[in-house]
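Worksheet: one structure, shown below.
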Amino acid sequence: MSALPGPTESPILQTARWVARPIRFLEDCRRRYGDVFSVMFQGFGTPLVMVSRPDVIRALYGERRHLLPPGRKVTLAPLVGARSLLLLEGEEHMSRRKLMSPPFHGERMRTYEAVMRDAAARELANWPVGRAFPVHPSMQAITLDVIMRAVFGVQDRERLRPLLRDLLAGTTSMGLQVSVMFGRRGPLERLGEMAHEIDELLLAEIARRRRGGGGEDICSLLVGARFDDGTGMDDREIRDQLMTLLIAGHETTATGLAWSLDLLARHPAVMERARDGGEPYLRAVVSESLRLRPVVPLAGRRLVEDLGVDGVFLPAGTDVTPAIWLAHTRPQDYPDPYAFRPERFLDGAPPSFAWLPFGGGVRRCIGAAFAELEMRVVLDEVLSRFDVRAASRRPERVARRNVTFSPRHGTRVVVTRRHSSN
Ligand code: HEM
């Protein structure tokens with residue numbers, strides 16, 4: 001491992017740079033060390049190798065037996081539970097993935113579209129016209145509403161909603177991130193206590209469906225789902241999977257939307273085209289936004305086997321992650337990589353494994369199609385009602401929030417109503 005280039009500062013300093021200015025840290029490493037380098041974060045004891053070449057990423061995600069890197073369980077288990085799809089490995093992971101994927105494909109997606117339009121319309125009715133405000137919280141309200149309705153159906157879930165919102169807000173605080181990085185568990189445990197109250201509500205939903213209540217919602221599908229041997233998931237496990245969907249499905253999509261609006265607000269010609277270009281162009285806007293502002297920066301594995309590709313050799317046991325920001329801004333794969341240009345996605349797909357906002361391989365995001373649909377629908381609802389401009393000419397900086405890269409000031413905009421709006 002020592003043969004790999006990488007920053008030589010102390011782990012504390014590397015961690016501080018990553019937490020405070022993640023993009024500068026990544027770009028700096030690329031400039032100095034190239035497409036494969038090794039960093040050392042405080043509290044981990046072993047290095048993390050960051051890669052951004054598509055051929056290396058293909059090799060990494062192509063091997064389904066690789067394990068999870070050690071940091072993930074520590075950060076996520078208190079929130080989503082140990083049986084979460086995000087934390088399982090091997091056969092256990094594959095069998096759950098098979099049970100949980102159907103609600104996110106095909107026909108079902110159509111029923112979500114109406115829910116998404118409705119949630120967006122209700123939130124947008126409250127937008128202030130003519131004065132600056134941050135859109136990120138508004139996007140969070142929409143995506144929380146959408147995922148709750150998809151998971152639990154149409155019934156009111158007024159107790160659960162504020163609890164989930166506060167839990168999420170708690171996990172994204174800077175104080176918590178720093179304490180976790182430095183090995184303190186206390187704040188995480190406090191969040192775990194908050195999660196207990198949510199537990200009770202989720203277990204009650206599950207119990208209701210066991211008694212035959214519910215309908216076509218995702219919670220009912222999970223209660224009814226069966227493995228190949230005819231057994232199903234027990235209540236505790238379904239609770240973990242529900243938490244996983246509620247948490248993974250809401251903050252990420254809200255952040256993706258906030259970034260899309262930030263980019264559109266600063267590119268009026270693109271915004272105009274997004275209004276009139278129909279679904280293909282909106283798709284391209286979403287793809288390009290997720291490329292230029294990837295929400296999830298790292299999605300790593302611990303190698304169970306050596307990985308060797310064209311001059312790169314990483315032995316079994318190494319922790320390796322794509323540096324998604326760097327993979328998305330390689331000039332070899334994206335000419336003029338820092339330009340916001342949805343057109344580049346109209347003429348065809350990017351090189352494979354050069355676009356990975358949703359990760360890849362057997363752990364690729366199961367909500368990717370859901371998230372992309374939601375982003376298109378919400379953007380469409382926003383653009384049909386409002387003209388959106390950035391509140392300041394200063395670019396929105398990237399801040400690390402929990403496991404995401406998020407707009408530091410929440411994407412502050414000023415909107416005006418369009419004449420044709422309804
Ligand atoms: C823009 C929005 C989203 C982004 C950027 C995103 C990103 C990701 C990424 C990068 C992974 C892979 C992690 C890994 O490689 O280990 C992932 C996994 C996952 N995502 Fe998403 N996600 C989004 C929306 C959603 C939504 C809407 C849902 C559900 C409703 C969801 C549920 C999941 C689940 C359950 C996994 C775990 C998959 C597995 O381990 O097999 N995500 N997501």
Side-chain angles (χ1 to χ4, degrees), residues 57 60-61 63-64 66-69 71-73 75-76 79-81 83-105 108-109 112 115-116 139-140 142-152 217-219 221-222 240-260 286-287 289-291 293-302 319-325 327-328 353 355-379 401-406:
I57 296 171
L60 176 69
Y61 283 156
E63 170 53 74
R64 49 168 64 199
H66 290 325
L67 301 172
L68 290 170
R72 186 178 299 192
K73 284 202 173 108
T75 343
L76 289 181
L79 256 189
V80 292
R83 305 291 299 161
S84 162
L85 184 67
L86 279 163
L87 301 179
L88 295 174
E89 297 174 315
E91 259 317 300
E92 277 195 331
H93 170 253
M94 290 309 289
S95 59
R96 270 65 185 179
R97 201 174 150 90
K98 204 167 144 195
L99 288 200
M100 291 173 68
S101 297
F104 299 102
H105 289 116
R108 289 206 162 266
M109 299 292 293
Y112 301 134
V115 168
M116 292 163 179
M139 294 300 116
Q140 288 167 323
I142 295 173
T143 59
L144 182 55
D145 198 19
V146 167
I147 193 66
M148 298 245 325
R149 285 207 255 167
V151 169
F152 296 118
D217 55 59
I218 293 174
C219 184
L221 291 172
L222 292 185
D240 289 1
Q241 310 305 6
L242 290 174
M243 266 315 263
T244 304
L245 296 176
L246 291 168
I247 287 183
H250 137 237
E251 176 64 24
T252 45
T253 314
T255 304
L257 274 164
W259 279 126
S260 303
V286 168
S287 301
S289 301
L290 290 171
R291 178 190 73 83
R293 297 288 184 272
V295 174
V296 177
L298 311 174
R301 307 285 181 261
R302 170 165 283 184
D319 294 328
V320 186
T321 183
I324 296 177
W325 174 283
H328 285 184
F353 294 97
W355 188 80
L356 33 139
F358 298 106
V362 290
R363 308 200 76 103
R364 187 175 190 272
C365 178
I366 63 170
F370 186 98
E372 289 176 298
L373 173 67
E374 186 169 1
M375 288 177 70
R376 287 198 303 280
V377 166
V378 174
L379 290 178
R401 275 167 56 109
N402 202 1
V403 295
T404 64
F405 274 1
S406 131

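Numbering of ligands and ligand atoms starts at 1, following listing order.
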Distance only, no hydrogens: is a donor on one side chain within 3.5 Å (strictly under) of an acceptor on the other, for Thr255 and Glu251? yes

Report all N/O contacts between ligand 1 and the protein shorter than 3.5 Å as a table of atom names and distances to 0.1 Å; if there are none, say 'none'.
residue: ligand 1; atom: 15 (O); partner: Arg301; partner atom: NH1; Å: 3.3
residue: ligand 1; atom: 15 (O); partner: Arg301; partner atom: NH2; Å: 2.9
residue: ligand 1; atom: 16 (O); partner: Arg72; partner atom: NH1; Å: 3.0
residue: ligand 1; atom: 16 (O); partner: Arg72; partner atom: NH2; Å: 2.7
residue: ligand 1; atom: 16 (O); partner: Arg301; partner atom: NH1; Å: 3.2
residue: ligand 1; atom: 40 (O); partner: His93; partner atom: NE2; Å: 3.2
residue: ligand 1; atom: 40 (O); partner: Arg363; partner atom: NE; Å: 3.4
residue: ligand 1; atom: 40 (O); partner: Arg363; partner atom: NH2; Å: 3.4
residue: ligand 1; atom: 41 (O); partner: His93; partner atom: NE2; Å: 2.7
residue: ligand 1; atom: 41 (O); partner: Arg97; partner atom: NH1; Å: 2.7

Applying side-chain contact (heavy atoms from CB on, under 4.5 Å), run through Leu85 and Ile366 and close with a yes or a no. CA-CA 10 Å; Leu85 184 67; Ile366 63 170; 4.1 Å; yes

Indicate yes or no for a side-chain donor-acceptor contact from Trp325 to the backbone of Phe405 under 3.5 Å, with no hydrogens or angles considered. no

Under the side-chain contact (heavy atoms from CB on, under 4.5 Å) test against Arg149, which residue among Val151, Asp145, Ile147 passes? Asp145

Heavy-atom donor-acceptor pair, His328 side chain to Leu356 backbone, under 3.5 Å: yes

Please walk me through it: do Arg108 and Leu221 pass side-chain contact (heavy atoms from CB on, under 4.5 Å)? CA-CA 12 Å; Arg108 289 206 162 266; Leu221 291 172; 3.7 Å; yes

